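These notes concern the structure reproduced below.
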2 protein chains.
Amino acid sequence: MGLTKSEIFTDEQNEIAAIAKVLGHPARIAILDFIIKLKSCVCGDLVKDIGLAQPTISQHLKELKKVGIIKGTVEGTSVCYCIDEENWEQIKNRLNKFLNKNPTENCC
Amino acid sequence: MGLTKSEIFTDEQNEIAAIAKVLGHPARIAILDFIIKLKSCVCGDLVKDIGLAQPTISQHLKELKKVGIIKGTVEGTSVCYCIDEENWEQIKNRLNKFLNKNPTENCC
DNA sequence: TTTGTTTATTGCAATATTACGATTAATAAA
DNA sequence: TTTATTAATCGTAATATTGCAATAAACAAA
């Protein structure tokens with residue numbers, strides 16, 4: 001049915017999955033790589049750097065913004081995107097909390 | 001077109017996205033939570049614990065296995081699933097390497 | 001062998017995602 | 001105001017994902 005049954009999972013499970021889902025596309029990883037590498041925000045250079053059409057990049061930026069990883073500031077006709085440091089820190093903590101839930105023993 | 005253009009991204013970007021994508025569904029997070037919590041492997045108890053049909057759970061297990069997070073051992077008629085410690089460690093390192101790529105400054 | 005138990009696979013319907021052309025919106029510059 | 005530039009939105013086609021009923025496969029036990 002293509003419809004995830006979110007209601008049967010905990011909030012935490014849904015939230016972690018939502019974050020991971022957004023990171024689950026190479027274009028969005030590439031966008032983050034680019035923004036982080038330049039240590040400053042980037043506008044439409046992403047379109048040139050990554051080989052995807054402008055509407056596609058814009059769509060990916062929207063998803064990254066939706067979960068709070070990045071934020072955009074309008075500067076004239078262009079928009080400056082950069083990591084939303086505060087949220088990004090929280091998101092990383094959340095992910096790390098999950099990643100560190102290690103089993104101490106294993107049976108197989 | 002629904003088709004990700006993997007060829008325009010680096011191997012690392014594709015790999016990180018592939019891992020994140022698998023973690024991008026609450027059912028798979030719930031499965032991992034369950035397996036980790038019991039500190040041992042689990043067989044079909046997942047179907048009872050999580051409210052999804054057996055074929056659906058089986059499908060999610062398959063995906064987790066595909067990226068190497070878990071492994072399954074046949075035990076009679078049932079299958080014992082548990083974290084593939086070695087791979088899981090590598091996957092976590094890969095994710096952490098990405099998560100730690102922080103910008104030192106920000107412009108907006 | 002037959003029966004029961006457990007898991008995997010197949011097939012399918014419903015929905016989601018990805019990508020992009022065309023267009024719109026917003027602003028800057030002439 | 002007109003024109004150029006940049007980014008967002010709309011609409012749509014192609015493909016992927018999710019979920020499950022039905023079935024098959026694999027094995028244990030009777």
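Below, chain A is the first sequence line, B the second, and so on; all start at residue 1. Because the structure is a prediction, the values reported are computed rather than measured. Below, each value reflects all heavy atoms present in this structure, side chains not excepted, and no hydrogens, waters or symmetry copies.
Each of B:L52, B:I50, B:T56 was checked for a side-chain contact (heavy atoms from CB on, under 4.5 Å) with A:K5, and the lone residue meeting it is B:L52.
Without hydrogens or angle criteria, B:R28 side chain to B:L23 main chain gives no donor-acceptor distance under 3.5 Å.
Distances shorter than 4.0 Å separate none of the side-chain N or O atoms of A:T4 from OP1 or OP2 on D:dT18. Between A:T56 and C:dC20 there is a side-chain polar atom (N or O) within less than 4.0 angstrom of OP1 or OP2. Between B:H60 and D:dG19 there is a side-chain N or O to OP1 or OP2 distance below 4.0 Å.
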Practice problem: Any chance you could lay out the side-chain contact (heavy atoms from CB on, under 4.5 Å) test for A:I36 and A:I83, step after step, and finish with the verdict? | Solution: CA-CA 7 Å; A:I36 288 169; A:I83 302 294; 3.9 Å; yes

Practice problem: Before giving the answer on side-chain contact (heavy atoms from CB on, under 4.5 Å), spell out for A:D45 and A:F34 the whole-Å C-alpha distance, their side-chain angles and the decisive distance to 0.1 Å. | Solution: CA-CA 9 Å; A:D45 306 325; A:F34 194 74; 4.2 Å; yes

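Taking only side-chain atoms of B:A53, from C-beta outward, the nucleotide of D:dT15, C:dT9, D:dC20 with the closest atom is D:dC20.
With rounding to the nearest 0.5 angstrom, the NZ atom of B:K71 is 14.5 Å from the CH2 atom of B:W88.
In the region residues 18-29 of chain A, proximity to DNA chain D at under 4.0 angstrom, judged on heavy atoms, holds for none of the residues.
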Anything under 3.5 Å between a protein N or O and an N or O of nucleotides 6-8 of chain D, put it in a table, one pair a line.
| from | atom 1 | to | atom 2 | distance (Å) |
| --- | --- | --- | --- | --- |
| D:dA7 | OP1 | A:G44 | N | 2.9 |
| D:dA8 | OP1 | A:Y81 | OH | 2.4 |
| D:dA8 | OP2 | A:S58 | OG | 2.8 |
| D:dA8 | N7 | A:Q54 | NE2 | 2.6 |
| D:dA8 | N6 | A:Q54 | OE1 | 2.8 |

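We find that CG of A:L46 is positioned 16 Å from C1' of C:dA19, with the value rounded to whole Å. For the pair B:I50 CD1 and D:dC20 C1', the interatomic distance rounds to 16 Å; values are reported in whole Å. Going from atom CD of B:Q59 over to atom C1' of D:dA21 covers 13 Å, rounded to whole Å. Here the P atom of nucleotide D:dT18 and the CD1 atom of A:I8 are 13 Å apart, to the nearest Å. Whole-Å rounding puts the A:K62 NZ to C:dT17 P distance at 12 Å. Straight-line distance from the NZ atom of A:K66 to the C1' atom of D:dT9: 15 Å, rounded to whole Å. The interatomic distance linking B:E75 (CD) with C:dA8 (P) rounds to 13 Å, in whole Å. Going from atom NZ of A:K5 over to atom P of C:dA14 covers 15 Å, rounded to whole Å.
At a threshold of 4.0 Å, the pair A:K97-A:E12 counts as salt-bridged, since one of the basic side-chain nitrogens sits closer than that to a carboxylate oxygen. For A:K21 and A:E63, the salt-bridge test fails: no basic side-chain N is under 4.0 Å from an acidic carboxylate O.
If A:G76 and A:G51 are placed on DNA chain C by their nearest nucleotide, the residue sitting closer to the 5' end is A:G51.
Classification of the B:H25-B:H60 ring pair by plane angle, with boundaries at 30° and 60°, yields tilted.
Qualifying salt bridge (Lys or Arg N to Asp or Glu O under 4.0 Å) partners for B:K101, counting only residues two or more places apart in sequence or in other chains: A:D33.
Using a 4.0 Å heavy-atom criterion, one finds that B:L52 contacts the sugar-phosphate atoms exclusively.
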